[in-house]
J.: 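Handing you a structure now.
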2 protein chains.
Amino acid sequence: MARPRAFNEDTVIAQAAEAFARLGYEACSIDDLLLATGLQRGSLYKAFGSKRNIFEQVLTAALGAGFESRGQDLDLLITALKELASEDQPIAAVCREAIATLGESAATVLGTRLLDNLE
Amino acid sequence: MARPRAFNEDTVIAQAAEAFARLGYEACSIDDLLLATGLQRGSLYKAFGSKRNIFEQVLTAALGAGFESRGQDLDLLITALKELASEDQPIAAVCREAIATLGESAATVLGTRLLDNLE
DNA sequence: CTAGTTATTGACTGTTTAGTCAATAACTGC
DNA sequence: GCAGTTATTGACTAAACAGTCAATAACTAG
């Protein structure tokens, strides 16, 4: 129909996920995301709209179907809970669903992952 | 000896603790701390040196002698683990000591507090 | 009262932040 | 080819950021 995208959206989300998981939400700047994805500013904003929206897509991809408590995905969940969930209901909803998947061990699984930051 | 301080250091640390616990480390700006403490920029920096040092004093006060896993103190511990511990050894050391105090229930206690962000 | 010391103030700096946009490029349908 | 559409680029903006500093104020010792 028109000029095609030069990137694959899923790949970009996966690259952004790595950056958010490693740095956390606030500490991960747009420049960090540009570096991680190889995109230019305008392209990132055209495709995703805002930092918060990028994170929402990252989180949905990580915690949606096929969520299996990989370390990186737990880091994203912890970040979402600590930095966003209390003031962002859609993010909180995604978190709730993932936590239901974890069942009664949710607290221990998350706490154990938190403690991994000491090693 | 000279001009006396117009504030009590322990009070200021307690006020800063509330702000850090509520907002997290990165999301808590110096302006947030000035608002919370009522101090002026120069006074805060003269007394504590840097944002990171203020946080270290807050954390030491919260997790040192008399640490009793109050909600606010757990929030500070979680913040320290997630945002600072992996790249700041003195902060990590304070965390380790508090976690030893919590014993084998540490992971569950921290995870449970994390999940409270959903309510 | 004076000299010495330390605390307070708030204007200032340079950097980094998230986000915007006009110009241009790359495509498709005709 | 041409017209229409969407993607890319990177310079740009305004706000927020952590941290500094010269001027001044408030104290103590003598």
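Residue numbering restarts at 1 for every chain, and letters A, B, ... go by the order of the sequence lines.
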J.: Rounded off to whole Å, could you give me the CD-to-P distance for the A/Glu26 and C/dT16 pair?
T.: 17 Å
J.: What is the nucleic acid contact for B/Phe7, judged by heavy atoms within less than 4.0 Å: base, sugar-phosphate only, or nothing?
T.: sugar-phosphate
J.: Are A/Leu118 and A/Leu110 connected in a single hydrophobic cluster, I mean Ile/Leu/Val/Met/Phe/Trp/Tyr linked by side-chain heavy atoms less than 4.5 Å apart?
T.: yes
J.: Using the rule that Ile, Leu, Val, Met, Phe, Trp and Tyr join whenever any side-chain heavy atoms are under 4.5 Å apart, tell me whether B/Val12 and B/Leu35 fall into a single cluster.
T.: no
J.: Strictly under 4.0 angstrom, non-hydrogen atoms only: write out the protein contact profile of nucleotides 21-30 of chain C, one letter per nucleotide from the 5' end, B, S or -.
T.: B---BBBS--
J.: Using whole Å, report how far CG of A/Leu35 lies from P of C/dA18.
T.: 14 Å
J.: What is the distance from CG of A/Asp32 to C1' of C/dT15, rounded to the nearest Å?
T.: 15 Å
J.: Taking NZ, NE, NH1 and NH2 as the nitrogens, is one of them in B/Asp32 or B/Arg22 under 4.0 Å from a carboxylate oxygen of the other?
T.: no
J.: Would you say a side-chain N or O of B/Gln40 is under 4.0 Å from OP1 or OP2 of C/dG10?
T.: yes
J.: Would you kindly give the CG-to-C1' distance between A/Leu34 and C/dT17, to the nearest whole Å?
T.: 12 Å
J.: Find the distance A/Glu9:CD to D/dA7:P and express it as a whole number of Å.
T.: 10 Å
J.: For A/Tyr25, give me all partners under ring-ring contact (aromatic ring centres under 6.0 Å, His included), at least two apart in sequence or on another chain.
T.: A/Phe20, A/Phe55
J.: Of all the nucleotides listed (C/dT8, C/dG19, D/dT8), which has the minimum atom distance to the side chain of B/Lys46?
T.: C/dT8
J.: Can you identify which nucleotide, out of C/dG19, D/dA18, C/dT17, has its nearest atom closest to the A/Ser29 side chain?
T.: C/dT17
J.: Rounded off to whole Å, could you give me the CG-to-P distance for the B/Leu23 and D/dA18 pair?
T.: 11 Å
J.: Quickly work out the B/Lys51 NZ to D/dA16 C1' distance and round it to whole Å.
T.: 12 Å
J.: According to a 4.5 Å side-chain heavy-atom criterion applied to Ile, Leu, Val, Met, Phe, Trp and Tyr, with indirect links allowed, do A/Leu23 and A/Ile54 form part of one hydrophobic cluster?
T.: no
J.: A quick test of your reading: do over 12 heavy atoms of other residues, nucleotides or ligands sit less than 6.0 Å from CD of A/Glu9?
T.: yes
J.: What is the separation between atom CG on B/Asp31 and atom C1' on D/dG19, rounded to the nearest whole Å?
T.: 12 Å
J.: Base, sugar-phosphate or nothing for B/Ala6? Non-hydrogen atoms, less than 4.0 Å.
T.: sugar-phosphate
J.: Tell me if a side-chain donor or acceptor on B/Thr101 pairs with a main-chain N or O of B/Glu97 at a distance below 3.5 Å.
T.: yes
